[in-house]
Undergrad: 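Here it is: the structure, laid out below.
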Amino acid sequence: EVQLQASGGGFVQAGGSLRLSCAATGFYFDDYTIGWFRQVPGKEREGVSSISHPYGRTNYADSAKGRFTISKDGANTVYLEMNGLKPEDTAVYYCAAFDGFGSAGRVLNPGVYDYWGQGTLVTVSS
């Protein structure tokens with residue numbers, strides 16, 4: 001059974017940092033593209049970053065570029081290091097996986113993802 005477990009959210013002040021983790025079981029990370037998404041109430045879920053198989057190509061939303069870094073380890077865990085957090089980064093963050101890859105427009109589109117973890121809440125105070 002494919003399962004994704006997101007963790008690492010919390011409450012930070014503007015300018016602070018958090019590292020989110022996404023641990024996967026039931027499949028091998030290197031065969032999938034893993035994405036991070038976020039959602040606030042009343043808005044659509046938006047892509048933040050992704051890391052694709054087979055070469056680990058990364059993509060970032062404009063809002064994340066220069067501040068967030070996605071990476072993965074050899075233990076089926078993907079991380080999202082978030083620095084310079086802003087109040088507008090406040091959201092529930094989700095990790096997801098799909099068996100494919102492609103352009104930034106594709107891998108940051110939540111509609112192509114098949115498997116989702118539960119969200120982890122990030123709150124950034126001003």
Side-chain angles (χ1 to χ4, degrees):
E1 179 184 5
V2 174
Q3 287 190 331
L4 297 166
Q5 180 77 31
S7 62
F11 182 93
V12 296
Q13 292 187 331
S17 299
L18 283 173
R19 187 176 79 159
L20 306 183
S21 299
C22 178
T25 57
F27 67 99
Y28 185 51
F29 253 6
D30 281 353
D31 293 335
Y32 285 74
T33 289
I34 309 299
W36 282 100
F37 298 83
R38 65 187 184 186
Q39 190 170 24
V40 297
K43 292 191 176 181
E44 293 186 352
R45 191 167 296 186
E46 64 172 354
V48 176
S49 182
S50 68
I51 186 163
S52 298
H53 79 85
Y55 303 116
R57 179 179 177 179
T58 59
N59 285 283
Y60 297 91
D62 288 344
S63 60
K65 288 177 182 176
R67 299 189 299 127
F68 295 1
T69 303
I70 192 170
S71 62
K72 62 181 179 180
D73 65 13
N76 252 24
T77 301
V78 168
Y79 303 98
L80 185 68
E81 184 77 34
M82 304 188 295
N83 298 310
L85 283 163
K86 305 174 182 180
E88 51 264 44
D89 294 318
T90 295
V92 177
Y93 284 71
Y94 300 87
C95 62
F98 84 103
D99 182 14
F101 56 93
S103 66
R106 182 168 194 241
V107 298
L108 294 179
N109 175 6
V112 306
Y113 284 76
D114 300 310
Y115 305 103
W116 290 85
Q118 91 295 350
T120 186
L121 177 63
V122 172
T123 304
V124 185
S125 67
S126 59

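Values below: every heavy atom of this structure, side chains too, minus hydrogens, waters and symmetry copies.
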Undergrad: Mind running side-chain contact (heavy atoms from CB on, under 4.5 Å) on Asn76 and Tyr28 for me, showing each step along the way?
TA: CA-CA 7 Å; Asn76 252 24; Tyr28 185 51; 3.9 Å; yes
Undergrad: Looking at residues at least two apart in the chain, or sitting in another chain, which of them share a salt bridge (charged side-chain N to carboxylate O under 4.0 Å, His left out) with Arg67?
TA: Asp89
Undergrad: To the nearest 0.5 Å, how far apart are NZ in Lys65 and CG in Asn59?
TA: 8.0 Å
Undergrad: Under the rule for ring pair (Phe, Tyr, Trp, His ring centres under 6.0 Å), what residues qualify as partners of Phe11, not counting sequence neighbours?
TA: none
Undergrad: Please check if the side chain of Ser21 supplies one atom and the backbone of Ser7 the other of a donor-acceptor pair under 3.5 Å.
TA: no
Undergrad: If you measure from CG on Leu108 to OG on Ser50, what distance do you get to the nearest 0.5 Å?
TA: 4.5 Å
Undergrad: Test Val12 against Ser17 for side-chain contact (heavy atoms from CB on, under 4.5 Å), laying out the working first.
TA: CA-CA 7 Å; Val12 296; Ser17 299; over 6 Å; no
Undergrad: Tyr94 ring centre to Arg45 NZ or CZ under 6.0 Å, with the angle to the axis within 45°?
TA: yes
Undergrad: Between Ala91 and Val40, which heavy-atom pair has the shortest distance, and what is it?
TA: CB-CG1, 3.6 Å
Undergrad: Kindly work out whether a path of hydrophobic side-chain contacts (I/L/V/M/F/W/Y, heavy atoms less than 4.5 Å apart) joins Val78 to Phe27.
TA: yes
Undergrad: Which atom pair, heavy atoms only, marks the closest approach of Ala61 to Gly47?
TA: CB-O, 3.3 Å
Undergrad: Test Val122 against every option in Leu20, Thr90, Leu80 by the side chain to side chain contact (heavy atoms under 4.5 Å, CB included) rule and name the one that passes.
TA: Leu20
Undergrad: What's the separation between atom CD in Gln13 and atom CG in Leu85, rounded to the nearest 0.5 Å?
TA: 11.5 Å
Undergrad: Nearest 0.5 angstrom please: Glu88 CD to Ser126 OG, how far?
TA: 10.0 Å
Undergrad: Taking C-beta and beyond as the side chain, do Arg38 and Ser63 meet within less than 4.5 Å on heavy atoms?
TA: yes
Undergrad: For a side chain to side chain donor-acceptor pair (under 3.5 Å) check, start with the C-alpha distance between Tyr79 and Asp73, then their side-chain angles and the critical distance, and finish with the verdict.
TA: CA-CA 8 Å; Tyr79 303 98; Asp73 65 13; 2.8 Å; yes
Undergrad: Same cluster or not: are Ile34 and Phe98 linked, directly or through other Ile, Leu, Val, Met, Phe, Trp or Tyr residues, by side-chain heavy atoms under 4.5 angstrom apart?
TA: no
Undergrad: Side chains of Phe68 and Ser49, heavy atoms from C-beta outward: is any pair under 4.5 Å?
TA: no
Undergrad: Any side-chain to backbone donor/acceptor pair from Gln118 onto Ala6? Under 3.5 Å, distance only.
TA: yes
Undergrad: How far apart are the C-alpha atoms of Tyr55 and Phe101, what are their side-chain angles, what is the distance that settles it, and do they pass the side-chain contact (heavy atoms from CB on, under 4.5 Å) test?
TA: CA-CA 10 Å; Tyr55 303 116; Phe101 56 93; over 6 Å; no
Undergrad: Go through the steps for Ile51 and Trp36 under the test side-chain contact (heavy atoms from CB on, under 4.5 Å), then give the verdict.
TA: CA-CA 9 Å; Ile51 186 163; Trp36 282 100; over 6 Å; no
Undergrad: Is there a donor-acceptor contact under 3.5 Å from the side chain of Tyr113 to the main chain of Val107?
TA: yes
Undergrad: Drop me the distance from Asn83's CG to Arg19's CZ, to the nearest 0.5 angstrom.
TA: 11.5 Å
Undergrad: Give the minimum heavy-atom separation between Ala24 and Leu4, together with the two atoms involved.
TA: CB-CD2, 3.6 Å
Undergrad: Classify the angle between the aromatic ring planes of Tyr32 and Tyr115 as parallel (below 30°), tilted (30 to 60°) or perpendicular (above 60°).
TA: perpendicular
Undergrad: Distance-only, no hydrogens or angles: does the Asp31 side chain make a donor-acceptor pair with backbone N or O of Asp99 under 3.5 Å?
TA: no
